[in-house]
Q: 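A single structure is presented below for examination.
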Amino acid sequence: MSTTTASASAARPADPKAAQPHSDELRRRNSRNRRNRRLGQWGFIAPAVAFMLLFFGYPLVRNIVMSFQDYSPSTFFNGEAPFNGLDNWRAVFEDGLFGQALWHTLVFTAGSLLGQFCIGLALAVFFSRKFPLNGVLRSLILLPWLVPMVVSGVVWRRILDQDTGVLNSFLHTIGLGDGSSPWLTSPSMALFSVIMVNIWIGIPFNMVILYGGLQEIPRELYEAASLDGASAWRTFRSITLPMLRPVITVVLVLGFMSTVKILDLILALTDGGPADATQTLGTLTYQQSFVELDFGAGAVVGNILILISAVFAVFYLRANRPEGK
Amino acid sequence: MATHTTAVPLRKSPQHNRPRPRWGAAVAGVLILGVMLFPLYWMLNTALQPDSGLLEVSPVPESVDFSGFRKAFTDQGGNLLTSLAVALGAVTICLAIAAPCAYGLAQFKLRAAKYILFGTLITQMVPGIVIANALYSAYVDLGLVNSYFGLMLADASLGIPFAIVLMRAFMTSIPSEVIEAAQVDGAGRLRTFVQVVLPMSRNALITSGLFAFLFAWSDFMFALTLNTTDDVKPVTLGIYQYIGAHVGDWGAVMAASVLSAIPAAILLVLAQKYIAAGITGGSVK
């Protein structure tokens with residue numbers, strides 16, 4: 001902050017009572033003032049730019065470099081991480097776990113987004129009608145999204161417990177299943193269960209943004225449709241969906257970018273298990289770097305994660321352009 | 001939705017142009033909320049039955065037993081304070097860095113503004129674990145591993161891009177005459193910012209601060225990766241390690257979870273309009 005103070009006082013106009021300046025000197029002073037003003041203005045912006053370069057730009061570059069370096073548990077004692085060409089990349093791609101994690105990430109992301117979006121949209125449409133308690137219910141429903149993700153994961157871990165979880169005993173009581181489904185402990189079910197939990201977490205976010213989008217649609221369009229005798233479904237398809245399209249794109253792309261890098265939830269629910277059945281690119285990066293201390297391999301997986309996000313960021317920026325300028 | 005039918009027989013009487021309240025929809029809404037909040041109810045319910053251990057938990061606590069909470073307080077009380085300190089520090093850093101920048105982007109007609117704003121969008125696509133991966137070795141060199149300040153800085157990064165986008169959108173709407181008037185009165189750029197712009201942007205500051213707090217409070221990944229000892233352990237990390245060590249003691253784990261969810265609940269009650277505004281404003285703008 002000290003830079004802002006200094007440059008702001010430096011930019012204060014010179015004493016107006018100074019002797020009549022020669023026109024040449026005036027011009028020079030003007031240009032100096034302009035330069036000082038620019039400098040003062042940058043004082044406001046520079047801290048944020050520096051911060052973002054350090055905490056987002058630097059890691060991006062550093063990860064690329066790290067992916068060509070040989071890190072080992074002793075690196076952090078002797079500081080040695082020699083370059084090793086494409087060794088990390090080769091090792092990661094030859095490891096079958098990478099392919100699995102990539103596949104799990106795609107299934108997890110697609111499944112989560114589909115569920116979150118459809119239920120979120122249904123709830124947004126439901127809540128855009130006037131009824132008593134609407135506002136209170138709509139804000140309380142945000143709670144699952146605001147609770148720390150690790151906490152949600154832990155709570156669901158208890159609910160989905162095979163022997164003593166409430167979900168199994170509930171399903172048994174109403175006569176569905178034998179009451180001992182291994183939600184999180186069977187490799188074939190764990191990914192599905194993790195997706196279910198993530199859908200639960202994401203519904204409020206989708207609902208709130210889509211609700212906001214619905215409010216922007218002019219009422220007259222609906223009045224016209226009802227005068228034309230359009231059915232509810234027809235109105236939804238021909239008015240709501242097309243008018244909502246920009247908001248839908250934003251919701252899906254933001255949802256994609258936060259879902260594809262998932263880590264907290266999976267660590268809390270399954271730790272990537274059982275038998276790596278819920279290992280995703282996020283958890284794999286964590287495991288390579290911070291459990292096995294092979295930061296080079298972690299960087300490789302991280303870079304691929306960034307690449308996938310970047311492809312979708314392009315979609316996001318495209319979608320944002322028409323309305324956001 | 002099944003409740004559509006209740007909306008059909010709209011009787012319009014001359015005095016009352018308003019439709020009859022749709023209680024059917026309200027009931028359906030309560031049911032939906034019940035399903036959505038059930039896991040959180042179950043968290044509280046389990047926390048109040050600490051003796052259930054590895055048995056099934058009864059749907060309502062038969063007798064309220066606070067021993068789970070007592071144990072959670074003993075084990076996690078310090079971690080809750082750590083979380084609070086780190087989150088407040090992160091909010092301070094976040095607002096101190098983001099507010100001047102948002103003002104600059106909104107009001108100084110800088111050519112670079114467009115690119116900086118674009119940069120804040122780009123940050124959203126950098127996965128946290130990638131940041132942690134590179135940050136860890138830098139933190140080792142700088143001695144920031146296992147430090148409060150290091151974690152505050154990392155957690156501030158979760159809120160800064162969001163805060164810049166949100167506050168800039170708000171500050172663009174401040175009429176430039178107001179700012180020029182302050183400057184004609186002899187206020188410098190910094191004084192104009194502190195005494196005119198910040199008070200006018202109160203709502204945007206509160207919203208950004210709330211979200212920065214929630215992001216930092218919920219952070220688990222930086223806590224997990226940037227700490228190698230128990231010196232700085234926020235409650236999210238505490239709970240994660242708890243389930244590793246105390247699988248049998250679900251009462252205490254759930255009680256700790258309830259405690260760590262309290263800030264979210266309080267903020268939702270006290271500041272719901274800011275939260276709804278923040279979710280929509282920060283992402284759609």
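In this text the structure is predicted, and so the values were computed from the model without any measurement. The analysis underlying the following values was restricted to heavy atoms, covering all of them including side chains, and did not include hydrogens, waters or symmetry mates. Every chain is numbered from 1 and lettered A, B, ... according to where its sequence line falls, protein lines coming before strand lines.
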Q: For the interface with chain B, which of A/Val251, A/Val65, A/Val155 has the highest count of heavy-atom pairs at distances below 4.5 Å?
A: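 If we count pairs closer than 4.5 Å to chain B, A/Val155 comes out on top.
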Q: Would you compute the distance between atom CD1 of A/Ile203 and atom CD1 of B/Ile32 and round it to the nearest 0.5 angstrom?
A: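 It is 10.0 Å, given to the nearest 0.5 Å.
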Q: Tell me, for B/Ile160 versus chain A, whether the close heavy atoms (under 4.5 Å) come from the side chain, the backbone, both or neither.
A: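 Side chain only.
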Q: Distance from B/Asp219 atom CG to A/Met149 atom CE, nearest 0.5 Å?
A: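 The distance works out to 12.0 Å.
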Q: I'd like to verify something: which residue of A/Ser309, A/Gly302, A/Gly282 has the highest number of heavy-atom pairs under 4.5 Å with chain B?
A: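 Looking at each of A/Ser309, A/Gly302, A/Gly282 in turn, A/Ser309 comes out on top.
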Q: Tell me whether B/Arg22 contacts the main-chain N or O of A/Lys130 through its side chain, where contact means a donor paired with an acceptor under 3.5 Å.
A: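 A pair under 3.5 Å: yes.
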Q: Determine the option with the most heavy-atom pairs under 4.5 angstrom with chain A, choosing from B/Val30, B/Val140, B/Val130.
A: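 Option with the top pair count is B/Val130.
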Q: If every non-hydrogen atom of B/Pro127 is compared with every non-hydrogen atom of A/Ile306, which pair is closest and at what distance?
A: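 Scanning both residues, the minimum pair turns out to be CD-CG1, 3.7 Å.
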Q: Check the angle between the aromatic planes of A/Phe295 and B/Tyr136 and answer parallel, tilted or perpendicular using the 30° and 60° thresholds.
A: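 Ring orientation, 0 to 90° scale: parallel.
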Q: So which part of A/Phe290 gets closer than 4.5 Å to some heavy atom of chain B, the side chain, the backbone, both or neither?
A: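 Interface part for A/Phe290: side chain.
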Q: Only pairs of heavy atoms separated by less than 4.5 Å count here; which of B/Pro39, B/Ser260, B/Ser218, B/Ala264 has the most with chain A?
A: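 Ranked by contacts with chain A, first place is B/Pro39.
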Q: At a 4.5 Å cut-off on heavy atoms, which part of B/Phe118 comes close to chain A: side chain, backbone, both, or neither?
A: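 Only the side chain of B/Phe118 comes within 4.5 Å of chain A.
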Q: Looking at A/Tyr286, A/Phe127, A/Tyr58, A/Trp42, which one has more heavy-atom pairs under 4.5 Å with chain B than the rest?
A: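 Going by pairs under 4.5 Å, I would pick A/Tyr286.
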Q: Please classify the contact of A/Val49 with chain B as side chain, backbone, both or neither, using a heavy-atom distance under 4.5 Å.
A: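 Side chain of A/Val49 only, per the 4.5 Å heavy-atom cut-off to chain B.
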Q: Where does B/Thr228 contact chain A at under 4.5 Å (heavy atoms): side chain, backbone, both or neither?
A: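 No part of B/Thr228 comes within 4.5 Å of chain A.
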Q: Given a strict heavy-atom distance threshold of 4.5 Å, which part of A/Leu140 is in contact with chain B: side chain, backbone, both, or neither?
A: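 Contact with chain B: backbone and side chain both.
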Q: Does the side-chain contact (heavy atoms from CB on, under 4.5 Å) test come out yes or no for B/Ile129 and A/Lys261, once each step is laid out?
A: CA-CA 8 Å; B/Ile129 186 66; A/Lys261 63 185 178 191; 5.6 Å; no
Q: Could you tell me which portion of B/Met254 (side chain, backbone, both or neither) has an atom closer than 4.5 angstrom to a non-hydrogen atom of chain A?
A: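 It is the side chain, since no backbone atom gets that close.
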Q: Taking the side chain as everything from C-beta on, heavy atoms only, tell me whether A/Phe131 gets closer than 4.5 Å to B/Pro21.
A: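 They are not in side-chain contact.
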Q: Does a side-chain heavy-atom distance below 4.5 Å link B/Met43 with A/Val151?
A: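 Yes, close enough: below the 4.5 Å cut-off.
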Q: Dump the intermediate steps for side-chain contact (heavy atoms from CB on, under 4.5 Å) on A/Trp200 and B/Met36, then the final yes or no.
A: CA-CA 7 Å; A/Trp200 174 77; B/Met36 283 298 290; 4.0 Å; yes
Q: How long is the straight-line distance from CG of A/Leu254 back to CE of B/Met125, given to the nearest 0.5 Å?
A: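 So the CE of B/Met125 and the CG of A/Leu254 are separated by 13.5 Å.
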Q: Do the non-hydrogen side-chain atoms of A/Phe44 and B/Cys101 ever get within less than 4.5 Å of each other?
A: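 Heavy-atom side-chain distance check fails, nothing below 4.5 Å.
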Q: Looking at A/Leu133, A/Ile159, A/Ile308, which makes the most heavy-atom pairs under 4.5 Å with chain B?
A: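 It is A/Ile159.
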Q: Which answer fits A/Val150, side chain, backbone, both or neither, if we ask what part of it has an atom under 4.5 Å from a heavy atom of chain B?
A: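 It is the side chain, since no backbone atom gets that close.
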Q: Given heavy-atom pairs under 4.5 angstrom as the criterion, report whether the side chain, backbone, both or neither of A/Ile141 touches chain B.
A: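 Looking at A/Ile141, backbone and side chain both touch chain B.
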Q: Please determine, among B/Asp141, B/Asn133, B/Val126, the option with the most heavy-atom pairs under 4.5 Å with chain A.
A: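 The option with the most such pairs is B/Asn133.
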Q: Heavy-atom distances under 4.5 Å only: say whether A/Asn168 touches chain B with side chain, backbone, both or neither.
A: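 The answer is neither part of A/Asn168.
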Q: Looking only at heavy atoms, which two atoms of B/Ser257 and A/Val154 are closest? And how far apart?
A: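 Closest pair (atom of B/Ser257, atom of A/Val154, distance): OG-CG1, 4.2 Å.
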Q: Is there a side-chain contact between B/Thr123 and A/Phe55 in this structure, where contact means two heavy atoms from C-beta onward sitting under 4.5 Å apart?
A: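 Not touching, per the 4.5 Å side-chain cut-off.
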Q: Of the listed residues (B/Ile164, B/Leu224, B/Ile239), which shares the most heavy-atom pairs with chain A below a 4.5 Å separation?
A: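 Most heavy-atom pairs within the cutoff with chain A belong to B/Leu224.
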Q: Might you point out which heavy atoms bring B/Ala25 and A/Phe126 nearest each other, and give the distance in Å?
A: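 Result for this residue pair: O-CZ, 3.3 Å.
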Q: Tell me, for A/Trp156 versus chain B, whether the close heavy atoms (under 4.5 Å) come from the side chain, the backbone, both or neither.
A: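 Only the side chain of A/Trp156 comes within 4.5 Å of chain B.
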Q: Quick one: what part of A/Leu281 sits under 4.5 Å from any heavy atom of chain B, side chain, backbone, both or neither?
A: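 No part of A/Leu281 comes within 4.5 Å of chain B.
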Q: Could you tell me whether the side chain of B/Ile122 reaches within less than 4.5 Å of the side chain of A/Phe56, counting heavy atoms only?
A: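 Side chain of A/Phe56 against side chain of B/Ile122, heavy atoms only: no contact under 4.5 Å found.
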Q: Donor-acceptor pair, distance only, cut-off 3.5 Å: does the side chain of B/Trp250 make one with the backbone of A/Arg158?
A: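 No; zero donor-acceptor contacts below 3.5 Å.
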Q: With a 4.5 angstrom heavy-atom cut-off, could you sort out which part of B/Leu267 is near chain A: side chain, backbone, both or neither?
A: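 Neither part, no heavy atoms under 4.5 Å.
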Q: So what's closer than 4.5 Å to chain A heavy atoms on B/Ala256: side chain, backbone, both or neither?
A: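 Neither part; nothing is under 4.5 Å.
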Q: Can you tell me how far apart CG (A/Asp264) and OH (B/Tyr240) are? Round to the nearest 0.5 Å.
A: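 Separation between the atoms: 10.0 Å.
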Q: Which bit of B/Tyr103 comes within less than 4.5 Å of chain A, counting heavy atoms only: side chain, backbone, both or neither?
A: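 The side chain, not the backbone.
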Q: Among A/Thr283, A/Val166, A/Thr285, which residue forms the greatest number of heavy-atom pairs with chain B at distances under 4.5 Å?
A: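 Of the options given, most contacts go to A/Val166.
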Q: Looking at B/Thr236, B/Ile262, B/Leu37, B/Leu110, which makes the most heavy-atom pairs under 4.5 Å with chain A?
A: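 When all of B/Thr236, B/Ile262, B/Leu37, B/Leu110 are compared, B/Leu110 has the most.
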Q: Could you walk me through whether A/Met66 and B/Ser137 pass the side-chain contact (heavy atoms from CB on, under 4.5 Å) check?
A: CA-CA 10 Å; A/Met66 283 171 91; B/Ser137 48; 4.2 Å; yes
Q: Tell me, side chain or backbone of A/Leu263 under 4.5 Å from chain B's heavy atoms, or both, or neither?
A: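 Interface part for A/Leu263: side chain.
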Q: Quick one: of B/Leu105, B/Ile93, B/Leu153, who has the most non-hydrogen atom pairs under 4.5 Å with chain A?
A: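 Option with the top pair count is B/Leu153.
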Q: Chain A heavy atoms under 4.5 Å from B/Phe211: which part of the residue, side chain, backbone, both or neither?
A: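 The answer is the side chain of B/Phe211.
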Q: Shorter than 4.5 Å, heavy atoms on both sides: which option in A/Leu305, A/Ile45, A/Val301 has the most such pairs with chain B?
A: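 It is A/Ile45.
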